[in-house]
Colleague: 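Structure incoming, see below.
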2 protein chains.
Amino acid sequence: MPVRDMSVMCAVCSGRRARPNLNLLLLLILLLGPHTVEGVWPLPQAITSSTERYPLTPQAFCFSYGRRSAARPGCSVLDAASERYFSLIFPDYTYANDVLRLSENKPFTVEISVDHDDCDSYPMENSSEKYNLSVSAGRASLNAETVWGAVRGLETFSQLVYQDDFGSYFVNKTKIEDFPRFQFRGILLDTSRHYLPVKTILKSLDAMAYNKFNVFHWHIVDDPSFPYQSHTFPDLSSKGAFHPMTHIYTQSDVRRVISYARLRGIRVLPEFDSPGHTKSWGKGQSDLLTPCYKGGIPSGTFGPVNPALPSTYQFMERLFKEVSAVFPDSYIHLGGDEVDLSCWRSNPYVRAFMQKMGFGVDFAKLEAFYMEKVVNITSFFNKTSIVWQDVFDYHERRSSLSVVEVWKEGCYLCEVRRVAKAGLRVILASPWYLDQPGPTHNWARYYTVWPLAFKGTEEQKSLVIGGEVCMWGEYVDATNLAPRLWPRASAAAERLWSNEKQTSSVDKAFPRLQDFRCILLRRGIQAEPLYVGHCKHEYHSV
Amino acid sequence: MPVRDMSVMCAVCSGRRARPNLNLLLLLILLLGPHTVEGVWPLPQAITSSTERYPLTPQAFCFSYGRRSAARPGCSVLDAASERYFSLIFPDYTYANDVLRLSENKPFTVEISVDHDDCDSYPMENSSEKYNLSVSAGRASLNAETVWGAVRGLETFSQLVYQDDFGSYFVNKTKIEDFPRFQFRGILLDTSRHYLPVKTILKSLDAMAYNKFNVFHWHIVDDPSFPYQSHTFPDLSSKGAFHPMTHIYTQSDVRRVISYARLRGIRVLPEFDSPGHTKSWGKGQSDLLTPCYKGGIPSGTFGPVNPALPSTYQFMERLFKEVSAVFPDSYIHLGGDEVDLSCWRSNPYVRAFMQKMGFGVDFAKLEAFYMEKVVNITSFFNKTSIVWQDVFDYHERRSSLSVVEVWKEGCYLCEVRRVAKAGLRVILASPWYLDQPGPTHNWARYYTVWPLAFKGTEEQKSLVIGGEVCMWGEYVDATNLAPRLWPRASAAAERLWSNEKQTSSVDKAFPRLQDFRCILLRRGIQAEPLYVGHCKHEYHSV
């Protein structure tokens with residue numbers, strides 16, 4: 001797409017105009033009859049629409065800032081969003097076919113007003129995403145508290161526009177009041193088990209925005225590889241990545257991902273999982289991992305991070321100092337799951353340390369000690385830490401924890417309840433492990449999840465801040481990420497955004513999700529089919 | 001790729017030459033040490049290789065026809081194959097970087113000799129695919145009975161060439177004698193439940209050739225849509241396709257697919273499944289399907305093809321006359337599976353017909369009658385018909401059948417044995433239903449299949465002519481076809497081509513399959529990963 005220098009934005013809408021062929025348009029309206037609004041995915045909290053519809057043409061369409069809007073022209077987030085959504089609203093439009101550029105008709109204007117000028121900020125945990133959208137003759141008005149809410153509203157508006165069989169664009173008279181049910185709606189991508197090219201990550205961020213997901217949980221390093229290029233510890237990636245040049249994320253790559261996500265109202269939540277899941281760390285940082293022993297001597301293999309050495313905490317302090325500065329989000333994910341205790345147990349120095357600390361032979365105490373140290377380090381850098389449920393399960397002083405992510409199968413709502421009862425915030429991931437391929441028609445399994453269906457007070461339920469789709473990387477890389485993720489993750493997207501009562505029926509959701517999958521496909525997201533059939537515009541991008 | 005006018009083919013090898021930097025090459029050999037040949041997928045019947053290796057450069061490499069070869073320059077199949085394999089062997093090579101074009105060194109020559117000049121024929125069921133390949137200093141000789149065998153040998157040769165870390169190409173001294181274990185090694189694609197663009201089909205044919213599959217079973221029509229544009233019955237697609245213009249295969253599309261497949265030694269086996277699975281046929285051909293009755297009157301719905309009307313067989317005769325001419329293969333698939341009898345049962349005219357024919361109320365007799373008529377029609381057009389096992393199961397006069405495809409789960413070898421005991425040829429599909437996504441690491445399930453592990457005589461076992469991977473289309477379209485098919489279908493490819501004893505170990509196969517998956521990826525096939533890790537050249541094409 002050629003750079004258009006904000007030409008789709010008009011100051012008070014004096015910009016791009018054209019004379020639509022009104023007679024032809026009227027004829028089409030008469031011929032085709034009214035379009036029923038297929039609905040927006042995820043479903044807005046309140047939507048009323050009529051069969052009254054208005055023709056749109058790319059030559060006579062613009063976005064503008066409302067007079068009382070705190071954000072003004074030059075607002076990076078909204079200027080960029082207008083550019084993006086212009087193309088998404090008019091997918092067939094190219095400058096080459098822009099032959100009508102007369103200025104006799106008033107363009108259809110989408111007027112955006114926001115209460116706060118937060119154009120240069122980052123979306124944060126408490127950022128409002130609420131918006132109101134009203135579409136009437138010749139104009140739409142989009143009001144939001146923040147630019148993030150406005151971005152969500154633009155996505156909704158783009159989904160309201162449709163084409164008839166002749167390619168003409170229309171939008172129906174509509175009124176929408178919308179806000180998310182949960183504040184945290186995440187997707188985890190794992191770039192350690194397979195490296196994902198930056199452009200694959202960016203494409204996933206596009207798709208996330210279409211689904212109103214707002215957190216990219218970047219499980220950036222793990223046992224198999226350490227692709228994050230640290231400027232403090234460059235050996236971590238030069239020795240721990242699959243390839244020190246081609247399979248790393250440079251500081252510039254990371255900035256690009258964060259910036260791309262920000263413009264779409266998406267937070268980037270990095271995870272540096274420890275003390276387990278750290279094999280690749282050991283390649284570039286000696287004395288970090290615990291040497292395992294066999295028959296009284298070191299076996300040559302290494303276990304989790306060594307919790308008994310002061311150097312470990314000095315390293316973590318320096319690493320997290322960097323990471324806290326590089327990633328602007330107020331949250332950080334510290335992992336803490338699946339620690340294999342056998343290596344610690346085998347190591348005489350670790351055992352001696354436990355004696356000294358009064359832990360006896362209780363390795364849970366050692367884990368808790370380690371995690372508390374790391375939590376304190378990141379707190380010092382003003383980060384709220386998330387940990388996997390394992391840490392909550394073995395931790396005695398749970399009050400030192402903030403947010404717990406529930407991931408294990410079984411009665412996951414029992415665990416949600418336990419965490420909420422302990423007064424901690426909860427993120428639910430268990431029902432949304434999409435890395436395992438299921439029959440696609442199992443999308444309903446991801447839809448019929450009721451995150452608050454546990455016995456608890458309103459206050460406890462309000463501690464469930466959201467949920468997350470996990471796309472682990474054992475069997476997933478850029479070849480199959482998109483079709484494995486979409487549209488199954490869209491089922492979770494609606495569960496996390498929409499009113500549960502209005503979206504409890506799988507049967508009602510199915511045709512809407514089919515339509516939405518076609519939208520994703522047309523936008524270049526390789527979303528796999530839900531069942532037999534076809535999309536009107538499929539295969540433009542495959 | 002620019003058209004190269006056969007420049008990679010040299011008459012007696014006087015063509016493209018260059019002066020490789022011998023000193024540098026020697027240095028590299030010393031630095032890097034010998035490369036172990038990772039092996040060819042599927043594994044050749046006999047392979048011996050040494051660590052002695054020869055450098056190759058695209059500037060000094062050519063294919064030529066052996067002096068005693070029956071096929072000569074101008075042979076379409078081998079000329080085209082040489083072009084293709086030149087690019088596959090030297091993936092980094094572009095004319096732009098072709099700076100060395102001196103002619104002092106003799107090029108490395110692959111000399112191809114075939115016994116029969118079958119350049120303009122089609123690969124058939126009894127076409128030999130046997131070849132011998134010998135790689136020595138400065139030359140390789142590839143001998144085969146047919147051009148199809150030579151094409152298989154070129155694939156093998158292309159997999160023997162590798163690059164070192166500096167990008168230089170090498171091939172090791174190697175001797176291979178190879179031939180397929182089974183004559184029929186197919187992949188079914190379903191273009192009715194979802195339309196697959198022609199380029200998706202062609203890409204699948206590429207991948208099939210890399211895997212030495214030799215039959216593309218084109219399940220071209222079914223209940224949901226009829227995309228085959230028949231010149232005899234144009235209404236079938238204009239009314240029965242998902243879209244009469246964009247979601248059809250024109251005669252020219254079909255010719256293109258057949259021609260593309262031929263050049264790769266792949267037969268195109270069309271399936272026109274009846275009398276069930278024909279809902280879409282009814283839209284363009286009235287009176288073809290059986291009207292279902294309810295309460296003594298037509299209910300408005302339709303069932304399988306109406307076997308009681310003479311017009312049905314007149315239609316089938318004309319349709320199969322066309323299809324037999326359009327598709328050159330000597331086989332045709334007639335389906336015959338999953339016939340829903342309730343509609344026939346409800347229809348008084350069908351019941352009256354059965355009385356007249358002396359079938360009583362035995363609907364199996366009616367099915368058998370119908371299938372026998374259709375088998376006879378296609379026999380008249382010199383086609384060998386394949387039917388799904390259902391037809392064998394209900395058919396009394398089994399001797400009228402030729403080839404039976406076993407697809408049901410459970411003890412599929414019991415069914416294979418029954419069919420072979422009845423003296424009919426068998427194709428095994430049951431264990432290779434890959435449309436269902438399984439965890440990718442389940443590739444071993446498709447590998448550990450033993451098609452001849454049933455009690456029977458040698459003669460009976462020889463009736464098992466091969467096997468087939470079925471990729472049904474309910475949940476599969478162009479968005480997810482490639483990663484769902486590859487590399488899982490590669491497991492079946494080796495089972496069907498290679499010696500069973502040499503390929504019985506999953507553990508030995510795993511690293512070879514991982515390497516082969518990387519080759520597929522580099523060749524632009526979106527094959528999904530088998531497990532954690534990376535390919536040296538991944539993401540060139542994603």
Side-chain angles (χ1 to χ4, degrees), chain A residues 165 190 192-200 203 222-225 227 241-243 246-247 280 435-443 472-487 517 520-521 524-542, chain B residues 165 190 192-200 203 222-225 227 241-243 246-247 280 435-443 472-487 517 520-521 524-542:
Chain A
D165 287 341
D190 169 2
S192 173
R193 292 178 175 91
H194 285 98
Y195 177 81
L196 296 175
V198 171
K199 71 172 180 178
T200 302
K203 194 115 182 168
D222 202 300
D223 282 329
S225 76
F242 283 135
H243 188 287
T246 60
H247 286 59
S280 68
D435 56 311
Q436 291 298 333
T440 315
H441 48 300
N442 260 5
W443 69 270
W472 297 103
E474 280 87 347
Y475 305 105
V476 176
D477 69 7
T479 59
N480 58 351
L481 174 66
R484 194 164 285 194
L485 197 46
W486 313 107
R517 182 253 167 182
L520 292 178
L521 200 60
I525 306 302
Q526 236 177 296
E528 65 179 14
L530 289 158
Y531 196 56
V532 171
H534 76 293
C535 295
K536 201 170 158 187
H537 296 284
E538 66 195 349
Y539 307 133
H540 282 243
S541 58
V542 175
Chain B
D165 288 340
D190 170 2
S192 173
R193 292 177 175 91
H194 285 98
Y195 177 82
L196 296 175
V198 171
K199 72 172 181 177
T200 302
K203 194 114 183 171
D222 202 299
D223 282 328
S225 76
F242 284 134
H243 188 286
T246 60
H247 286 60
S280 68
D435 56 310
Q436 291 298 334
T440 314
H441 47 300
N442 261 7
W443 67 271
W472 298 103
E474 279 87 347
Y475 306 105
V476 176
D477 69 7
T479 60
N480 58 352
L481 174 66
R484 195 166 284 194
L485 197 46
W486 312 107
R517 182 254 166 180
L520 291 178
L521 199 60
I525 306 301
Q526 236 178 295
E528 67 179 13
L530 290 159
Y531 195 57
V532 171
H534 76 293
C535 295
K536 201 171 159 187
H537 296 285
E538 66 194 348
Y539 307 133
H540 282 244
S541 58
V542 175

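Throughout, protein chains are lettered first and strands after them, A, B, ... in sequence-line order, and every chain is numbered starting at 1.
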Colleague: Which residues pass the side chain to side chain donor-acceptor pair (under 3.5 Å) test with Asp222(B), sequence neighbours left out?
Modeller: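 Result, side chain to side chain donor-acceptor pair (under 3.5 Å) vs Asp222(B): Arg193(B), His219(B), His277(B).
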
Colleague: Any side-chain heavy atom of Glu474(B) within less than 4.5 Å of one from Tyr531(A)?
Modeller: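 Side-chain contact under 4.5 Å: yes.
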
Colleague: Counting only heavy atoms closer than 4.5 Å, note whether Ala482(A) contacts chain B via side chain, backbone, both or neither.
Modeller: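 Nothing of Ala482(A), per the 4.5 Å heavy-atom cut-off to chain B.
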
Colleague: Is any side-chain heavy atom of Val532(B) closer than 4.5 Å to a side-chain heavy atom of Ser225(A)?
Modeller: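 Not in contact.
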
Colleague: Output, in order, the C-alpha distance, side-chain angles, deciding distance and verdict of side-chain hydrogen bond (donor to acceptor under 3.5 Å, both in side chains) for His247(B) and Glu538(A).
Modeller: CA-CA 10 Å; His247(B) 286 60; Glu538(A) 66 195 349; 2.6 Å; yes

Colleague: Name the option with the most non-hydrogen atom pairs under 4.5 Å to chain A; the candidates are Gly473(B), Pro224(B), Pro483(B).
Modeller: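 Highest number of pairs under 4.5 Å: Pro483(B).
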
Colleague: Using 0.5 Å steps for rounding, measure from the OH atom of Tyr475(B) to the CG atom of Asn442(A).
Modeller: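 Going from the OH atom of Tyr475(B) to the CG atom of Asn442(A) covers 9.0 Å.
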
Colleague: Would you check if Arg517(A) and Thr479(B) make a side-chain contact, meaning some heavy-atom pair closer than 4.5 Å?
Modeller: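 Yes; the side chains approach each other to less than 4.5 Å.
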
Colleague: Nearest heavy-atom pair of Gly533(B) and His194(A): which atoms, and what distance?
Modeller: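 It is O-CD2, 2.8 Å.
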
Colleague: Roughly how far apart are Cys535(A) SG and Phe242(B) CZ, rounded to 0.5 Å?
Modeller: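 Reported value, rounded in 0.5 Å steps: 10.5 Å.
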
Colleague: Kindly indicate whether the side chain of Arg484(A), heavy atoms from C-beta on, has any atom under 4.5 Å from the side chain of Glu528(B).
Modeller: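 Yes, side chains in contact.
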
